[in-house]
Amino acid sequence: MDNQLYIHNTLSRKKELFEPINPPFAGMYVCGPTVYGDPHLGHARPAITFDLVFRYLLHLGYRVRYVRNITDVGHLVADLDEGEDKIAVKARVEQLEPMEIAQYYADRYFTYMEALNVKRPSIEPRASGHMIEQILMVRKILDAGYAYEVNGSVYFDVEKYSKPYEYGKLSGRILEDLLTNTRSLEGQDEKRNAADFALWKKAQPEHIMRWPSPWSDGFPGWHLECSAMSTKYLGEYFDIHGGGMDLLFPHHESEIAQCQAAIGHESVKYWLHNNMVTINGQKMGKSLGNFITLEEFFTGTHASLQQAYSPMTIRFFILQAHYRSTLDFSNEALQAAEKGLKKLLAGYETLGRLIALNQPHPQPLPKRGGEPSPPAPGVNQNPSPPAPLPGGEGRIAAIQRECYAAMNDDFNSPMVMANLFEGVRIINSAADKKESLSASELELMKNIFDTFLFDILGLKDEKSDDQHEVLDGLMQLVLAVRQKSRETKDWGTSDQIRDALQNLHITVKDGKEGSVWNIE
RNA sequence: GGUUUCGUGGCCGAGUGGCUAGGCAGCGGUCUGCAAAACCGUCCACAGCGGUUCGACUCCGCUCGAAACCUCCA
């Protein structure tokens, strides 16, 4: 593949060249969480997957508008007799306002996403704040003749839609099967066909969350909010729509139908779907009750967890699998991720020391991670990775090239990581004096790590930067004192200091160029 | 039952028609006051059976097994 970005489009089931509709702008909509429960590992996967996409598009110079919704209304509870709103049910139980629940869990979601170093999208619209847009969309679909009203509820007419269009093209469903194979639900008798889905539902008397509409006091159907909000913020035709594979049918399938019916054409160019996180081979999800919340991961308070796992360990764990593969949770895999991440970060620190040694005058240690360099605004009409360095390709330039090639091949983050590990091997060899790196090679290596490890993969050293400078000064002092005792072969004192530091979870390692320290 | 997808070494996970993925764990060395780290080497694969091919883990078919979706779910 050439130097261009290819992404897997679920619609064609092929990797396609990414050509934005209106470069250098790129629009992306991703289905966000329903905020009636604590965020769990399953929520982390799409958030991190599309964060990776967001970050890479930004890196390439695109001006990205990334919209991720908050669903705070509208999903029915399937296991109850009445079609009650999930959020309303929970509110009844806890004696709280529905919006209070939604607010609480939305805040929790944001907090944990931030911990995972997931960038905030450009816009995070809420379904409850877009009733007018949703009602207007129902109106348009009715006007187009692809919906009908019954007793204050409005349903999408799948069979009629399927005459000129193809309902099922995204998920590979066949209309015949849909018409015969759909389970019967409450309100089914109102529908002309079992496969029809609700655009607007009339609220039962006990239903708390309700809004006025031309048809009834009620609430919007399951799939409407995403169509209404993506159209509002990204236009009638935009580049990328993402979400979990479990949303393929019926959610995204119905979105396609709604937009086609309301607008007259499809609205999405590339459909991207991340695969599931599994636990014991099964999907981790709310319905199975086998989910582990992010809080439980970070604190280690869950029966299945042998220890706590840091947010960056979780992020590394997710990125070390390709986003379209299932990813199986296990303590062993997470512990491997923890060690692997540590190795990468240690390699970066070693690189910083090599660069400092290479300078005529000592330089302060480089800041960890650092902010992504902002793309040059608006100048890049045809964004693409930087051209390779002139003058023959060295090993390190090859790593850079491979990292770009991996990202360009449908965001292959595991491949990027493998190349970064190769970089670490070279860095460590250089630190061991087994080979030498020129100043420009060191700079290129640093650039690769800053770009790929920190900016694009979005990993970071979890040590606090503010305190680190003070602490580092302090530690240099302690290590200098210890070094004196080592020089006089006073191993008792030397080991005493090291043991005492270890009790504070500070590990000291003695190398050829002196001692280095690290907080566990 | 239908749709979609997958089965890679002790564990997790990339990838390709012929050339080492990578991480973690194991084993043997080097280095080291000790420890740790690091470096070098090394063991363990491509579910099974056929077919296409000069050659398949990679393509095709079948068998077995697994998952997601078909109902809210990331």
Side-chain angles (χ1 to χ4, degrees), chain A residues 10 13 30-34 36-37 39-47 49-50 71 74-80 86 168 170-174 176-178 180-185 195 222 242-251 253 273-278 281-288 291 316-317 320-322 324-341 343-344 346-347 350 402 406 409 412-422 424-425 427-429 431-435 486 489 491 494-495 498-499 502 507-512 516 518:
Chain A
T10 309
R13 299 180 203 293
V30 173
C31 293
T34 303
Y36 65 94
H40 58 79
L41 188 58
H43 293 100
R45 187 134 199 222
T49 295
F50 292 103
T71 297
H75 287 214
L76 299 172
V77 175
D79 51 358
L80 292 185
K86 270 186 175 170
L170 183 67
S171 56
R173 311 279 147 158
I174 298 158
E176 297 282 302
D177 299 337
L178 292 172
T180 54
N181 273 354
T182 303
R183 196 182 78 162
S184 49
L185 283 169
W222 312 345
M245 268 185 192
D246 50 351
L247 297 178
L248 250 170
F249 188 90
H251 184 58
E253 196 72 69
H273 290 94
N274 65 276
N275 215 319
M276 302 291 105
V277 175
T278 59
Q282 272 198 320
K283 172 181 160 184
M284 183 181 285
K286 207 152 178 62
S287 52
L288 289 165
F291 61 93
F316 183 99
F317 171 69
Q320 56 110 26
H322 188 263
R324 283 190 287 112
S325 302
T326 54
L327 173 61
D328 199 49
F329 155 83
S330 71
N331 280 282
E332 221 176 347
L334 279 167
Q335 282 156 14
E338 187 177 51
K339 289 186 181 178
L341 173 63
K343 186 171 180 174
L344 281 180
T350 304
E402 287 297 318
D409 185 14
N412 193 331
S413 52
M415 196 61 122
V416 172
M417 285 185 180
N419 277 285
L420 291 177
F421 276 111
E422 171 64 11
V424 168
R425 197 192 59 71
I427 290 167
N428 285 330
S429 287
D432 268 17
K433 306 274 187 225
K434 294 224 164 75
E435 53 186 295
R486 294 184 71 215
K489 298 201 190 304
W491 307 126
S494 157
D495 289 352
R498 188 171 63 192
D499 292 347
Q502 188 60 62
T507 304
V508 174
K509 296 172 192 164
D510 301 324
K512 285 180 179 168
V516 297
N518 206 12

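Everything numeric here is computed off the predicted structure, so don't read it as measured data.
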Which comes earlier along RNA chain B counting from the 5' end, the contact point of A/S429 or that of A/K283, where each point is its nearest nucleotide?
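Final value for this comparison: A/S429.
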First encountered from the 5' end of RNA chain B, between A/D328 and A/P250:
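Nearest nucleotide further toward 5': that of A/D328.
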Does [X] reach a base, just sugar-phosphate, or nothing at all? Heavy atoms under 4.0 Å.
X      : value
A/M276 : base
A/V277 : base
A/D510 : base
A/N428 : sugar-phosphate
A/L41  : nothing
A/V30  : nothing

All stems with RNA chain B, defined as three or more consecutive Watson-Crick or G-U pairs under 3.5 Å
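Output for stems: B:1-7 with B:64-70, B:10-12 with B:22-24, B:26-30 with B:38-42, B:47-51 with B:59-63.
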With sequence neighbours excluded, what pairs up with [X] under the side-chain contact (heavy atoms from CB on, under 4.5 Å) test?
X      : result
A/L247 : A/C31, A/H251, A/H252
A/N412 : A/H322, A/A406, A/P414, A/M415
A/A431 : A/T350, A/L354

Check nucleotides 3-5 of chain B for protein N or O atoms closer than 3.5 Å to its own N or O atoms and list the pairs.
from: B/rU3; atom 1: O3'; to: A/G172; atom 2: O; distance (Å): 3.4
from: B/rU3; atom 1: O2'; to: A/S171; atom 2: O; distance (Å): 2.6
from: B/rU3; atom 1: O2'; to: A/G172; atom 2: O; distance (Å): 3.1

Separation of [X] atom [atom1] from [N] atom [atom2], in whole Å?
X      : N      : atom1 : atom2 : value
A/R486 : B/rU32 : CZ    : C1'   : 9 Å
A/K509 : B/rC31 : NZ    : C1'   : 16 Å
A/R498 : B/rC34 : CZ    : C1'   : 6 Å

I'd like to check the ring-ring contact (aromatic ring centres under 6.0 Å, His included) partners of [X]; sequence neighbours left out, ordered by chain and number.
X      : value
A/H43  : A/H40
A/F249 : none
A/F316 : none

Confirm from the modelled atom types if A/S325 and B/rG13 form a donor-acceptor pair under 3.5 Å, side chain to base only.
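Side chain to base: no pair present.
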Spacing of the [atom1] atoms in [M] and [N] (rounded, Å):
N      : M      : atom1 : answer
B/rG23 : B/rG65 : P     : 36 Å
B/rC59 : B/rA74 : P     : 34 Å
B/rG13 : B/rG22 : C1'   : 8 Å

What pairs with A/D246 under salt bridge (Lys or Arg N to Asp or Glu O under 4.0 Å), at least two apart in sequence or on another chain?
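Salt bridge (Lys or Arg N to Asp or Glu O under 4.0 Å) list for A/D246, sorted by chain: A/K283.
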With sequence neighbours excluded, what pairs up with A/R173 under the salt bridge (Lys or Arg N to Asp or Glu O under 4.0 Å) test?
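Partners of A/R173 by the salt bridge (Lys or Arg N to Asp or Glu O under 4.0 Å) criterion come out as none, since no residue qualifies.
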Tell me the closest heavy-atom pair linking A/S494 and A/R486, and the distance in Å.
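Reported closest heavy-atom pair: OG-CG, 3.4 Å.
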Could you check which of B/rA74, B/rG33, B/rC12 has an atom nearest any side-chain atom of A/S330?
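Shortest atom-to-atom distance from the side chain points to B/rC12.
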Given B/rG33, B/rA74, B/rG13, identify the nucleotide with an atom nearest to the side chain of A/D495.
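It is B/rG33.
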Going 5' to 3' through nucleotides 17-24 of chain B and flagging B where a protein heavy-atom sits under 4.0 Å of the base, S where only the sugar-phosphate is that close, and - otherwise, we get ----BSBS
Tell me whether the OP1 or OP2 atom of B/rA74 has a side-chain N or O from A/N274 closer than 4.0 Å.
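A/N274 to B/rA74 OP1/OP2: no side-chain N or O under 4.0 Å.
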Sequence neighbours left out, what passes side-chain hydrogen bond (donor to acceptor under 3.5 Å, both in side chains) with A/E422? Give chain and number order.
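So A/E422 forms a side-chain hydrogen bond (donor to acceptor under 3.5 Å, both in side chains) with A/R425.
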